[in-house]
Amino acid sequence: MKDEEKIACHVCKKEIPKAAAVHSEGQEYVLHFCNVECMDYWKKEQEKKKEEE
Ligand SMILES: [Zn+2]
């Protein structure tokens, strides 16, 4: 029996199967997103933070 691991999207906190998650690339750590829209949203937030510093 296959145990489907679920994780929460980093942006919207929706629970999704880990296998279906979108992963951020080129980061020190891997983040999981339910779709590319959430990943894009997170990327934009990261850019905003950089500008504020
Ligand atoms: Zn999401």
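Remember, it's a predicted structure, so these values are computed and weren't measured experimentally.
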Gap between atom OH of Tyr29 and atom OG of Ser24 - 0.5 Å precision
7.5 Å
Could Lys49 and Glu52 be called an ion pair, given the rule that one side-chain N must be under 4.0 Å from one carboxylate O?
no
Rounded to the nearest 0.5 Å, how far does SG of Cys9 lie from NE2 of His32?
10.5 Å
Can you get from Phe33 to Ile7 by hopping between Ile, Leu, Val, Met, Phe, Trp and Tyr side chains that sit under 4.5 Å apart?
no
Out of curiosity, Asn35 CG to Tyr41 OH, how far, rounded to the nearest 0.5 Å?
13.5 Å
After noting the C-alpha distance and the side-chain angles of Glu45 and Lys48, does the key distance pass the salt bridge (Lys or Arg N to Asp or Glu O under 4.0 Å) rule?
CA-CA 5 Å; Glu45 288 298 297; Lys48 270 189 207 168; 3.2 Å; yes
Do the ring planes of His10 and Trp42 sit parallel (below 30°), tilted (30 to 60°) or perpendicular (above 60°)?
perpendicular
Distance (rounded to the nearest 0.5 Å) between Cys38 SG and Leu31 CG
12.0 Å
I need the full list of salt bridge (charged side-chain N to carboxylate O under 4.0 Å, His left out) pairs touching residues 6-17, with sequence neighbours left out, sorted by first then second residue.
none
